[in-house]
There are 2 protein chains.
Amino acid sequence: MTTSRATIRDVAAQAGVSVATVSKVINDRYGVSASTIERVRAAIEQLGYESSLVARSLRNQRTNVIGVLVTDIEPFSAELLKGAAKAIRGTGYELVVYSAGGEAAHAVGWENRYLSRLSGTLIDGAVIVTPTVLAPSYGAPVVAVDPHTGGEDVPTIDSDNRRGAETATEHLLELGHRRIAFIAGRSDLESARLRETGFRAAMAAAGVPVDPALVVAGDYAEALSANAAHALLRLPDPPTAIFAANDISAIATMDMALTLGMQVPDDLSVIGFDNIPESTLTRPMLTTVEQPIQLMGQRAIEMVVAILRGEHPDPRQVRLPTRLVLRDTTAGPR
Amino acid sequence: MTTSRATIRDVAAQAGVSVATVSKVINDRYGVSASTIERVRAAIEQLGYESSLVARSLRNQRTNVIGVLVTDIEPFSAELLKGAAKAIRGTGYELVVYSAGGEAAHAVGWENRYLSRLSGTLIDGAVIVTPTVLAPSYGAPVVAVDPHTGGEDVPTIDSDNRRGAETATEHLLELGHRRIAFIAGRSDLESARLRETGFRAAMAAAGVPVDPALVVAGDYAEALSANAAHALLRLPDPPTAIFAANDISAIATMDMALTLGMQVPDDLSVIGFDNIPESTLTRPMLTTVEQPIQLMGQRAIEMVVAILRGEHPDPRQVRLPTRLVLRDTTAGPR
DNA sequence: CTGTTAGCGCCTTCAG
DNA sequence: CTGAAGGCGCTAACAG
């Protein structure tokens, strides 16, 4: 037990050569005799040696590793990771996902701290998911997914949040709803602002005034959204439909409606945003606006790889389409 | 742009002190005057300095990072990661997920290579998902999820694969099926062997012989499973039900049935294993055996953390229960 | 062909 | 209270 892992020195000692020679063998550099190579390889084999990624990346600039930085691994980022993993195949790069485990993430600027911790060493480039502040990149290429702002300098990937929100709202309107509530997302993210903008635009276009009491904060988070839903449904004149800024919030809303003894969609229509896999786990299944999340992850990786290869991907701001997915949580008001 | 990230030396220069002093401030060591601390903190702030994880981990033994090593990020591992991320919260540890991007993963022993690359440096402990060879751990605690073998030395987490497979088979049997096919999983994994064992045991218990032609390889993979399903359904005397060793295979089977113009469950019953979120995306929705995947990830992290804290978790081999989830892809044979 | 030297960014003695 | 020196594992010059 606990036999510390073999280092390059152990290999060198075992093979009776210098550390530098071992390094040469490992990296296929010229200038090592066949017999020495043989001996070194044998030692490596015997000791189960594998060069330390850390030591190596401290010394070299390139590591062949791309990082994906997330605050947490939840349904959205997990989908994104699937896409990222798909895109990484065949590129020769490896993927490292770094998650602070929620806590540190609350501090504004987590993305820059992470980036600073990993960049220059360990990763050649990074994808940052839902960053709130985007600092000058430290040399390594960075692509932001669903960033705090419509991006100016940094390449970004997002989806058409505004149009998606309009579509959702129009759907509710067409069903005959007029008292439509909106549970807003994280106010520090552009996506949340655009979803609210889309909601308001669709309402305005239909000539339906937005009751300020029906627009509440949900923060893309379960607990806060549940509270928000509770408050909305307890209003003297409650909404007949709720548009939640993401699926997590929509699911929390459905749970709360159930808790309050209401039937979805008979007593209340609910519509979400994202189309995470979990949205089909609810009963009834959630009607929602789909973002191509996996594709967003895929595109982000592709863009980082392209930049790493010295290319200059042209639209640096990629906006993917959204799409209404009709399921069973919306119906006309009674 | 491209201003290389600040190092501890930049901070030292900016604050007019030595590198060592900065290090002391960062790590809260005694022996620095209040005014110096102030100056150093200001410099850190101004430069946006964050110590390099790599340099740090090379120097120290502890990094406060736990690694999760996977061959790829697909539905199963993604679920597991959600659980792992949940478990990491509040522990003070951070999470790094390392994925080889499919390729390197094909080589046997990827887990040991990764572990060797990262262990001792970068990560304090690791969770390895579906390893095929488990070597002596290099000092750092390692927990294996769904390993190649019933684990002897290494702590492991898995679910009751055998019982789950029995349950699935019994369900098919109770519906009246007799020609039941089995699309097997990755033969290098204990889980796949146990699922097949469970299938055979249930068949034997019901006195139904297993037609060798109806047991085919699927490897837990989509392409191979689709082929397998095709072959099965083209048999002169095709099965009336197919039990696939995981949901990916089951979904591939459903797709193939559809391609061949068959109705599920009318012409063919299909049942899977895992209950990944994707299993509710099929139409009809997939009947399957649920493994508590997130919980497996959670438990694995908890165990690593416990060992890191010097505890000796008692059952070192944790087996979680499985459960039949009845949905819409099974019915009696015509 | 092989070994020696220096240094990546950081932290920890140990002197001053 | 502060700074200089050494070394973590590795690689890139340069010497022999």
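Below, chains carry the letters A, B, ... as their sequence lines are ordered, and counting in each starts from 1. Any value given below was found using the heavy atoms of this structure, including those in side chains, with hydrogens, waters and symmetry copies removed.
When the P atom of C:dG9 is taken as reference, atom CG of B:L47 falls 14 Å away, rounded to whole Å. Protein atom CG of A:L122 is 14 Å distant from nucleotide atom P of C:dG9, rounded to whole Å. In this structure, NZ of A:K24 is placed 11 Å from P of C:dT4, rounded to the nearest angstrom. Spacing between atom OH of A:Y30 and atom C1' of D:dA13 amounts to 18 Å, rounded to whole angstrom units. When the P atom of D:dG9 is taken as reference, atom CZ of A:R56 falls 15 Å away, rounded to whole Å. Rounded to whole angstrom, the span from the CD atom of B:E50 across to the P atom of C:dG9 amounts to 16 Å. One can place CZ of A:R39 at 14 Å from P of C:dC1, the figure rounded to the nearest angstrom. For the pair B:N60 CG and D:dG6 P, the interatomic distance rounds to 20 Å; values are reported in whole Å.
Minimum atom distance to the side chain of A:S52 is reached by D:dC10, of the listed D:dC10, C:dC10, C:dT4. Picking from C:dT4, D:dC10, D:dT11 the nucleotide with the shortest atom distance to the side chain of A:I26 gives D:dT11. The B:R29 side chain lies nearest to C:dT12 when the options are C:dT2, C:dT12, D:dT11. For B:A20, the side-chain atoms get nearest to D:dG3 when compared with the rest of C:dT2, D:dC1, D:dG3. In the set D:dT2, C:dG9, D:dA12, C:dG9 carries the atom at the smallest distance from any side-chain atom of A:L58. Residue A:S23 has its side chain nearest to D:dT11 when only D:dT11, D:dC10, C:dC10 are considered.
Residue B:V54 is classed as having no contact, given no heavy-atom separation below 4.0 Å to the nucleic acid. Using a 4.0 Å heavy-atom cutoff across all strands shown, A:S57 reaches no nucleic acid atom at all. Counting any heavy atom pair closer than 4.0 Å across all strands shown, A:T7 reaches sugar-phosphate atoms only and no base atom.
Between A:R9 and A:V19, the residue anchored closer to the 5' end of DNA chain D is A:R9, taking for each the nucleotide with the nearest heavy atom.
Between D:dC10 and A:S51, no contact under 4.0 Å exists linking OP1 or OP2 to a side-chain N or O. Between A:N27 and D:dT11, a side-chain N or O to OP1/OP2 separation shorter than 4.0 Å is present. OP1 or OP2 of D:dT2 has at least one side-chain nitrogen or oxygen of B:S33 nearer than 4.0 Å.
Evaluated for a side chain to side chain contact (heavy atoms under 4.5 Å, CB included) with B:V68, the options B:I88, B:V143, B:L81 yield exactly one hit, B:L81.
Look at A:D72 and B:K86 and you find no salt bridge, because none of the NZ, NE, NH1 or NH2 atoms lies under 4.0 Å from a carboxylate O. A salt bridge between B:R41 and B:E38 is absent, with no side-chain N of the basic residue lying under 4.0 Å from a carboxylate O of the acidic one. Under the 4.0 Å criterion applied to side-chain N and carboxylate O atoms, A:D219 and A:R186 are not assigned as salt-bridge partners.
Checked by distance alone, B:R59 brings a side-chain donor or acceptor within 3.5 Å of a matching partner on the base of C:dC11.
Environment of CD in B:E311: crowded, with over 12 heavy atoms of neighbouring residues, nucleotides or ligands closer than 6.0 Å.
Side-chain atoms of B:T7 and B:Y49 include no donor-acceptor pair closer than 3.5 Å.
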